[in-house]
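Reviewing the structure listed below.
From a predicted model like this one, the values you see are computed outputs, not experimental measurements.
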Amino acid sequence: DHVHALGAHDHSGATVGGALGAISADAITLAEAVAPAGTSAYIARDNTGDLNLNALVTKQIELRIAGTNVITIAGAGVTIAQALTVSTGGLGVGAGGVAIVGNSTIVGDLQVTGAFSFGGALTIGDTVTVDELILDTDGVAPAGTNCYVVRDNAGDLTVNAITAKQFIVA
């Protein structure tokens, strides 16, 4: 209903209905206050100095760059639509674990504490050093077109070389 320079006079306690229009400021400072009820969508600074962003039930908070969602925060989880770089402190994953989908590369050492399992082929491009190697006991040998070492259901050890090739112990 009127226009004036930012901070020209106090509107505290005023109720504004409708859109505020464009606001231009170097910075917006939020005063400490009790955040509104969770039934409102809001940005607030609480009495401890934390910044609160609240979306309504079944809605989400979307952080965008150039109109494209890069981070979506919903009640069920957080979606990061771009690459994620963790520069310090590492990345901790809680009880839900992590699923890596797609081709991935690990640069540096990978330490696994606990069981490690995978489905599909494992390709190792360098020396493998193990304290002990226990072969699976499912009794299913790989295809004869592969070189392999397997332990069958009876506990027998089978070493297989490809047809017309030699098994050499040096």
Side-chain angles (χ1 to χ4, degrees), residues 26-28 30 35-170:
D26 291 337
I28 298 173
L30 301 172
T39 55
S40 298
Y42 62 81
I43 299 173
R45 176 182 170 194
D46 66 16
N47 287 326
T48 65
D50 294 329
L51 178 66
N52 291 247
L53 299 174
N54 187 67
L56 299 176
V57 173
T58 73
K59 299 301 180 184
Q60 54 197 27
I61 296 170
E62 299 171 345
L63 300 177
R64 298 173 177 226
I65 295 178
T68 300
N69 283 4
V70 292
I71 299 176
T72 301
I73 304 168
V78 176
T79 302
I80 300 173
Q82 307 294 328
L84 172 66
T85 300
V86 179
S87 58
T88 60
L91 176 63
V93 178
V98 63
I100 300 172
V101 179
N103 297 328
S104 301
T105 300
I106 296 172
V107 178
D109 296 334
L110 173 65
Q111 180 177 346
V112 177
T113 302
F116 177 69
S117 61
F118 61 93
L122 172 64
T123 302
I124 300 173
D126 205 340
T127 302
V128 176
T129 303
V130 296
D131 288 334
E132 60 183 78
L133 179 61
I134 300 171
L135 300 173
D136 189 13
T137 59
D138 69 2
V140 179
T145 55
N146 293 316
C147 292
Y148 62 82
V149 178
V150 67
R151 175 184 170 203
D152 65 20
N153 286 332
D156 295 327
L157 180 68
T158 301
V159 178
N160 184 70
I162 298 173
T163 303
K165 297 297 179 180
Q166 298 177 7
F167 171 67
I168 301 170
V169 177

From D50 atom CG to R45 atom CZ, the distance as rounded to the nearest 0.5 Å
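So the gap between those two atoms works out to 9.5 Å.
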Atom pair CD1 (I162) and CZ (F167), whose distance is rounded to the nearest 0.5 Å:
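I162 CD1 to F167 CZ: 13.5 Å, rounded to 0.5 Å.
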Check whether any side-chain heavy atom of L30 lies under 4.5 Å from a side-chain heavy atom of I43, and answer yes or no.
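Yes. Closest side-chain heavy atoms under 4.5 Å.
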Side chain to side chain donor-acceptor pair (under 3.5 Å) partners of D109, counting only residues at least two apart
none
Passes side chain to side chain contact (heavy atoms under 4.5 Å, CB included), T158 versus V149? Steps please.
CA-CA 6 Å; T158 301; V149 178; over 6 Å; no
Taking atom CG as the centre, does L122 end up with more than 12 heavy-atom neighbours from other residues, nucleotides or ligands that are less than 6.0 angstrom away?
yes
More than 12 heavy atoms of other residues, nucleotides or ligands under 6.0 Å from CG of L53: is that the case?
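Result for CG/L53: enclosed.
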Distance-only criterion, 3.5 Å: show the donor-acceptor pairs between side-chain atoms of residues 55-76 and protein atoms not counting sequence neighbours.
residue: Q60; atom: NE2; partner: E62; partner atom: OE2; Å: 2.9
residue: E62; atom: OE1; partner: R64; partner atom: NE; Å: 3.4
residue: E62; atom: OE1; partner: R64; partner atom: NH2; Å: 2.6
residue: R64; atom: NE; partner: N69; partner atom: OD1; Å: 2.8
residue: R64; atom: NH2; partner: N69; partner atom: OD1; Å: 3.4

Is a side-chain donor or acceptor of N54 paired with a backbone partner of S40 at a separation under 3.5 angstrom?
yes
